[in-house]
Structures are given as structure tokens and as C-alpha cells.
Amino acid sequence: MTNSAQKRPLQQTRLAIRELGRAVIQGVAALGRVLSPAWEAAAGVLGAALRVVSTLGWLLLAAAAGSFVLAVWFGWAEFTFMTATLLAAFAIALCFVFGRATYAVSIELNPRRVVAGDRAMGRLEVVNSGGRPVLPTRLELPVGSGMAEFMVPRLAPGAETDELFAVPTAHRAVIVAGPALSVRGDQFGLLRRTTRWSEPIELFVHPKTIRLNATARGLVRDLEGQPTRVITDSDLAFHALRPYEPGDDIRNVHWRTSARTGQLMIRQYQETRRSQLLLLFSAEAAQYASDSEFELGVSVTASIACQVIREETDLNVLWEGGTLRSRTPLSLLDDSCRVQPVSGSYRSLREFARVAGRKLPAPSLVILIVGSGVPTHDIRSVSTLYESDAELIAVRVEDGRDARLDMLGNVMLATVGKLSDLPALLERAGR
């Protein structure tokens, strides 16, 4: 009894401590929930203020702090003078950050779509939309990987100014122009405050393409479909007559021949299939010897796809990054601007073709575009993925190589050295 009486106060003390701990934790959590919006707002304001200080500005503050420590520790007046000088420079830089502008900025690109190598111009218009004059300001406009800088003069209320700039279009790409940023800061770059005035806009630099002949294989508009080797009792392409068998549809009886031969004869047809073209572009970087060879592959893909779309044949265009839109030539060319080399997306060329086309309808024609580094046995392996009546044309781009047409088993291999070779090669393949 004595031991129990002695232990009871100790247990009660522990329970009281636990309850107090829970109460403290709950109180801190409740306080955190109450102060959280204020803290987030303060953190946002503080973060915005800290972002104004550039790397050089932080180095200056660090140097000022170091000089101050040395001045206090060793009592050296020189470091005291250095600390005062650095802090004075920072204070002067602060004066350049303050100020407010009232701009309405618009960016125009003319035209919005060009072919690689063509000229594209841009126009930046700045209007003072406020009721007070605005002091001169520096405006920065990112254009692709570059940066254009403009000095906006003093603008009276309602006044405007515009600047013209050229957009580099030497290579296929999607070039983003904007957003336009006004920059306030000192001449040494210690502090930098930017204000965003516009949204970015895109310039599509399309790949170079060539017009193909409509008589090339797979590019002819086919309203009824293409006959296959499968024989059926009901279709459009007539094949032959055969004797009547029990269960045949009486509507397929050829009465004139039946009257002449004295027995019922049934029409047979070749099964037809709607033309379905599958265009596969392999963007694996290891397959291509150079960037120009890769661009040639994109141009070949875009040229074939645009012609097929014009001929209103069902088409699917795929690469490792997904499917290109193929409703109109313009949408396909826009998407082709985003095609970039990939590395290691699939284990093999056959794996890419298998995975890319597994959810698509069975094609009647497959065109595969690859680089010069693809061995012929990899190309042949792709043909085993499709039905026997589906045709496969492989186009291997090899920069500077003479155009030629070869047969690899049941695969037709076209070697393209320059884009102008493509129409003649497809014409020969069609024959």
C-alpha cells in the first residue's frame, strides 16, 4: 500500500505534463493557422524585396558586413571608412529602384509563321496609359534565347512610342517573344526591379518542305478504298464468279451467267480497305550524323504529311514525343516546329514503332523516316509488326548522299541526300 501511494502522485504528475504538452502543441498549431496568412503575405513581400537585390548587391552587402567586423575587431579606421562607403553605395542604388510606371505594352510579330531562313519582324508599342508623365525607362524583351533592350523615352500622358526588331529565323523552332519587362535599377547592377507588361507570343519557324506529286504511292485520294488479297462475298471490287453453295446470299447471284451455264453462280469480291497511312519519324539523336541531317528528316516528314493531308487521306504522324496534329497542313507544320532530338526513349526502332502504333487502326501504308545511323536489319524488323497486305516504305536521310531506291525483302528503302530528291524517289516507288 505504501508503494502504491508513493507511485500515484508521480503518475499524476506525468499525466499532467503530457496534457500540458498536448495543450502547448495544439495552441502552437492554432496560432500557426491564425498567423499563416499573415506570414505568407509577409514572406511574399519580403521575398519580392529580396529578389530586387542582385548577386553583385549581395556581394557588396557581404563585403560591408566583413569590413564592419574587421573594423570592430581590430579597430582599423580604414575598414570603417570602407563599410560606410559600401553602405552609402547601396543606399544610393536604392533611390533608383523606387518609382512607378503606367504602361500599356503590346508585341506584334509579322508574320507569325515563316519558313526557316525567311525574314520575320517584330514591333514593340509602348503607351503611357496613366495621367502623369513617365520618366525614361529601360525595357527588356526576351526573343528566343536572346534579349532585346529598348530605351523608352519620357512619355507624356497618352503618348506612345514603338520600336522595330528583327527575329532570327535561321533554324526551325518555336521562338517566344516576351514578356516585356521594364527595368529599374542603378548603373552598377546592385539592385534590379522588373515589372511585367505583356504576355509572351510565339513565332513558328516551319521546316523547309517541298511539294510532292499526287500520283506518289499512298498519296492518291481513295474514296472507295484499296483492294486487298482477302476474298469476300460482299464488297465493291469484283473478283470472280463461283458456284452457289447453301447459305449464300441470293442477292449475290449473277443471273445472266447462271442462265447461260445452267447452274447458280455467285459473285465474289476483293475486300477493300480505306487508305490509312501511318507516318513514323524516329527522332533518336544517335541515328543522325549531324543537326542538318536531323532537320532534313523533319523536312521529309513534313513534306510527305502535308501532301497526304491535301489529298484527304487518313493519316497519323507520330514521333517519340507524341502525335502531330494532322487536320490541316498548317497545324502539322506548327507541331513539327516542336520536334527535337531525343535520347533513349525506346530500346529499339521496332519497339518505338510497336508502342507508337498499337492503339491506331491497321495501316495500309507505313512510311518510316530514319537517320543514316540505322542499320538495315532494324528497318526490316519493323515490317513484321504489320499485316502482310500493308506496305512499308523506309526513307533514310543521309546528308549529301546520292538518291537511290532499294528493296530489303518486302521493304522499299529510299535514300534521300537532299530534300529535292524526295518527289522523284516517291514517284519511282509508286511505279
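Remember, it's a predicted structure, so these values are computed and weren't measured experimentally.
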Handout entry: Salt-bridge contact D402-R404 (side-chain N to carboxylate O under 4.0 Å)
Key = no
Problem - Criterion side-chain hydrogen bond (donor to acceptor under 3.5 Å, both in side chains) against S372, the qualifying member of R401, E293, E398 - result: E293
Problem - Considering all heavy atoms, the nearest Y386-P363 contact - result: CD2-CG, 3.9 Å
Exercise for the section: Looking only at non-hydrogen atoms, find the nearest pair between V134 and Y103 and report the distance. Expected result: CG1-OH, 3.2 Å
Exercise for the section: Output yes when a side-chain donor or acceptor of T169 lies under 3.5 Å from a complementary backbone atom of V205, and no otherwise. Expected result: no
Exercise for the section: May I ask you to decide if E202's main-chain N or O and R112's side chain share a donor-acceptor pair within less than 3.5 Å? Expected result: yes
Practice task
Output yes when a side-chain donor or acceptor of T415 lies under 3.5 Å from a complementary backbone atom of R396, and no otherwise.
Solution key: no
Fill in the blank from the handout: What one should report as the nearest heavy-atom pair of L86 and A64 is CD1-N, 3.5 Å
Practice task
Answer yes or no: is there a donor N or O on one side and an acceptor on the other, between the side chain of R338 and the main chain of G321, under 3.5 Å?
Solution key: no
Practice task
Give the minimum heavy-atom separation between P179 and S198, together with the two atoms involved.
Solution key: CB-O, 2.9 Å
Handout entry: Pairwise side-chain contact, L296 with L419, heavy-atom cut-off 4.5 Å (strictly under)
Key = yes
Fill in the blank from the handout: Closest non-hydrogen contact found for L277 with I367 is CD1-CD1, 4.2 Å
Handout entry: Ion pair E163/R123, N-O distance below 4.0 Å
Key = no
Exercise for the section: Identify whether the distance between the nearest side-chain nitrogen and carboxylate oxygen of D334 and R113 falls below 4.0 Å. Expected result: yes
Exercise for the section: Would you check if T301 and V317 make a side-chain contact, meaning some heavy-atom pair closer than 4.5 Å? Expected result: yes
Handout entry: Interatomic spacing from CG in L124 to CZ in F165 - rounded to 0.5 Å
Key = 6.5 Å
Practice task
Determine the interplanar angle of the Y346 and F352 rings, folded into 0 to 90°, and report it as parallel if under 30°, tilted if 30 to 60°, perpendicular if over 60°.
Solution key: tilted
Completion exercise
Nearest heavy-atom approach of N410 to S383 is OD1-OG, 3.7 Å
